[in-house]
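First up is the structure itself, then whatever we jot down about it.
What you see is a predicted model; the values in this text were computed from it and never measured. Every heavy atom of this structure was used, including side-chain atoms; hydrogens, water molecules and symmetry mates were not.
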Amino acid sequence: MSKKHLLTLLFSVIATMAGAQGVLEVEDLSQANAVYSSEGEQAAVEIRCNHTIPLSFSSTMDKSVDLFSTELQGTDSVYFIEFPAGPRYRGRVITVVAPGYNPVDIPLDLQPKQLRTFKISDPNSLVDQGCYRTHRNMGVREIQNANYEEARNRFVVAQQCSDVDTVENNANIAKVDSLLKLRSNADIMYRMLDYTTAADIFSEIVRINSYDTYAATKLRECRERFTSECEVTFKQAEAYFDNRLYEKARTLYQRVVENGCEEAKVATERLNSITNYLTAKEEHASVITYEWMPDAPIGIHYGRYNMTKGGIALHLNFSQKMLNALQSNNSNGIPDCPEATFGIGWTKNIAKWPIWIYFGPGVTVKGYYGEYKEITKDSHPDKDGKPTPTADVSDLLDNDGQKFNMAFSVNPEIGIAFKYSFFAVRAGYSYRFALNSALQDLLGRHVFSFGVGFAF
């Protein structure tokens with residue numbers, strides 16, 4: 001054989017071997033609003049391919065292409081790659097290599113935070129695959145296209161093939177049946193405006209088949225409508241609450257909480273406030289009484305007397321003399337021994353009976369006239385050289401040289417109240433500790449009070 005014929009044969013063999021290499025197709029599935037969350041100026045590429053075709057990668061601008069993660073989703077292997085991005089990396093091309101296939105190049109001009117998605121497939125995968133594999137692969141493609149009825153038909157036909165893989169085919173039919181049921185349920189919930197449940201079901205469909213664009217779109221719509229519905233419901237509930245329409249507000253707040261809206265925390269606080277208010281109103285927990293006390297017969301008491309939890313109460317008692325003292329602008333007009341008492345404390349129900357105890361601290365102030373004591377404003381020496389005090393004229397009174405003084409005491413107080421329907425009575429006792437022990441008898445030690453009023 002001549003050299004010419006030998007070279008011709010050699011080139012023919014090489015051409016035949018090159019032609020035997022398979023061809024891969026690239027489909028760009030990137031979404032315009034897809035975002036990759038990263039701390040720096042990074043971008044990401046997601047590449048999907050049937051798990052029977054393993055892939056490797058190289059880049060024109062990176063020393064190596066390290067996979068961030070690889071996982072199996074259905075029949076696809078998903079490769080996730082992170083790249084540095086920005087103007088200095090313009091013109092990057094990654095090369096996809098698979099055994100038995102010609103390499104394929106993918107130009108990438110990535111922006112920071114961008115996510116690109118590509119699907120790699122063999123367009124001739126249905127050629128010479130046998131009966132079962134041909135119909136199985138067609139069914140898998142219909143799943144990826146979200147044509148579940150057609151996919152199921154393909155798998156049913158595959159059952160009749162002599163080379164059928166029964167276990168795999170039954171699993172594929174079960175998967176399609178599950179997707180069909182999920183889609184039907186999701187559409188029903190969507191039409192019923194139950195966007196929370198519909199979103200959960202559409203999310204499950206996307207988890208099983210990430211190529212289902214219908215489910216992905218509906219999932220996004222459900223979340224948007226759910227958020228909008230939450231906002232409208234919460235605002236309406238707030239309007240009812242501000243206008244004291246508590247029953248209507250409570251119904252809407254409960255809906256906000258049950259739906260798991262972002263406003264659920266505030267709605268829960270509002271529900272607690274409404275429950276407390278309505279319970280107190282039903283129990284007539286607010287009590288106001290007129291109080292009588294020796295030396296301070298004019299008094300008022302207000303308290304919260306709840307059945308299941310503690311409350312707070314306060315009282316103010318004073319005498320007519322104290323009112324006259326407050327109204328007087330002349331020291332001579334102040335009557336002797338005006339008195340006022342103030343107390344604040346806590347209330348607690350006793351064993352679910354209509355009886356409450358009251359306890360807390362109090363303070364009493366009582367005025368009196370006493371002997372005038374000079375207060376030196378300045379001094380000058382007398383004939384013996386000793387200072388002579390000079391009275392401060394502002395401290396001199398016309399009342400026989402007497403000065404008006406105040407006595408104070410602190411008072412531990414305890415009391416008992418009876419409440420039935422709209423009627424309430426109260427009795428109290430306080431022990432007075434005079435801050436000046438010499439004035440203990442003036443203030444008194446044991447003081448009782450009595451009140452009657454109404455509950456609302």
Side-chain angles (χ1 to χ4, degrees), residues 280 283-328 333-370 402-456:
E283 297 175 354
H284 307 293
S286 295
V287 170
I288 187 167
T289 60
Y290 179 87
E291 298 280 313
W292 177 89
M293 179 184 295
D295 298 331
I298 303 173
I300 188 169
H301 167 91
Y302 172 79
R304 297 278 290 184
Y305 291 80
N306 304 300
M307 288 295 296
T308 58
K309 64 179 182 178
I312 192 169
L314 52 87
H315 70 87
L316 175 63
N317 300 76
F318 49 90
S319 64
Q320 182 64 45
K321 293 180 180 181
M322 180 59 73
L323 288 178
N324 295 338
L326 294 175
Q327 294 172 349
S328 175
I334 300 177
D336 195 19
C337 296
E339 181 177 316
T341 297
F342 175 78
I344 185 170
W346 296 267
T347 63
K348 183 67 177 177
N349 179 256
I350 301 177
K352 302 297 182 181
W353 298 343
I355 300 175
W356 285 258
I357 60 171
Y358 163 86
F359 56 93
V363 62
T364 296
V365 58
K366 192 167 188 176
Y368 68 96
Y369 285 100
Q402 289 185 329
K403 180 181 179 182
F404 188 76
N405 297 300
M406 304 294 286
F408 297 92
S409 70
V410 292
N411 319 322
E413 299 180 349
I414 188 169
I416 190 169
F418 173 82
K419 176 172 67 74
Y420 180 77
S421 186
F422 293 97
F423 176 74
V425 294
R426 200 181 81 91
Y429 164 78
S430 65
Y431 183 87
R432 293 180 177 176
F433 289 96
L435 299 184
N436 184 347
S437 59
L439 301 174
Q440 185 69 68
D441 292 339
L442 174 67
L443 289 162
R445 292 180 182 273
H446 308 284
V447 179
F448 294 89
S449 62
F450 177 78
V452 61
F454 59 93
F456 58 94

Discussion item. Let me confirm one number: the CZ-CG distance from Phe408 to Asn436, rounded to the nearest 0.5 Å.
Written reply: 11.0 Å
Worksheet entry | Considering all heavy atoms, the nearest Gly367-Met406 contact | CA-SD, 3.9 Å
Worksheet entry | Heavy-atom side-chain proximity of Lys366 to Asp295 below 4.5 angstrom | yes
Fill in: Value rounded to 0.5 Å, distance of NZ in Lys348 from CD1 in Ile357
9.0 Å
Just list the side-chain donor-acceptor pairs under 3.5 Å for residues 442-456, sequence neighbours left out, or say none.
unit_1: Arg445; atom_1: NH1; unit_2: Tyr431; atom_2: OH; d: 3.2
unit_1: His446; atom_1: ND1; unit_2: Tyr429; atom_2: OH; d: 2.7

Practice prompt. Tell me, please, which residues at least two apart from Ser409 pass side chain to side chain donor-acceptor pair (under 3.5 Å).
Written response: Asn411
Worksheet entry | From Ile288 atom CD1 to Ile300 atom CD1, the distance as rounded to the nearest 0.5 Å | 4.0 Å
Worksheet, complete the sentence: Distance col, row Tyr290:OH vs Ile298:CD1, nearest 0.5 angstrom, shows 5.5 Å
Worksheet item: Hey, is the main chain of Arg432 close enough, under 3.5 Å, to the side chain of Gln440 for a donor-acceptor pair?
Response: yes
Item to complete: Return the minimal non-hydrogen interatomic distance between Pro338 and Ser319, and the atom names on each side.
Response: CA-OG, 3.9 Å
Worksheet item: What heavy-atom pair brings Trp353 and Asn349 nearest, and what distance separates the two atoms?
Response: O-ND2, 2.5 Å
Worksheet item: If every non-hydrogen atom of Tyr358 is compared with every non-hydrogen atom of Gly345, which pair is closest and at what distance?
Response: OH-N, 3.5 Å
Practice prompt. Working to the nearest 0.5 Å, report the span between CD of Glu413 and OG1 of Thr341.
Written response: 7.5 Å
Practice prompt. Can you sort out the partners of Ile312 under side chain to side chain contact (heavy atoms under 4.5 Å, CB included), two or more places apart, ordered by chain and number?
Written response: Ile344
Worksheet item: For Ala285, what residues pass the side chain to side chain contact (heavy atoms under 4.5 Å, CB included) criterion, not counting sequence neighbours?
Response: Ala280, Asn306
Worksheet entry | Exercise: identify the closest heavy-atom pair between Trp346 and Gly360 | CZ3-CA, 4.1 Å
Worksheet item: For Thr289, what residues pass the side chain to side chain donor-acceptor pair (under 3.5 Å) criterion, not counting sequence neighbours?
Response: Glu291
Discussion item. With rounding to the nearest 0.5 angstrom, report the NE2 to CE distance, His301 to Met293.
Written reply: 11.5 Å
Discussion item. The criterion is side chain to side chain donor-acceptor pair (under 3.5 Å); which residues satisfy it with Ser286, sequence neighbours excluded?
Written reply: Tyr302, Arg304
Item to complete: Can you see which heavy atom on Thr347 is nearest to which on Ala313, and at what distance?
Response: CG2-CB, 3.8 Å
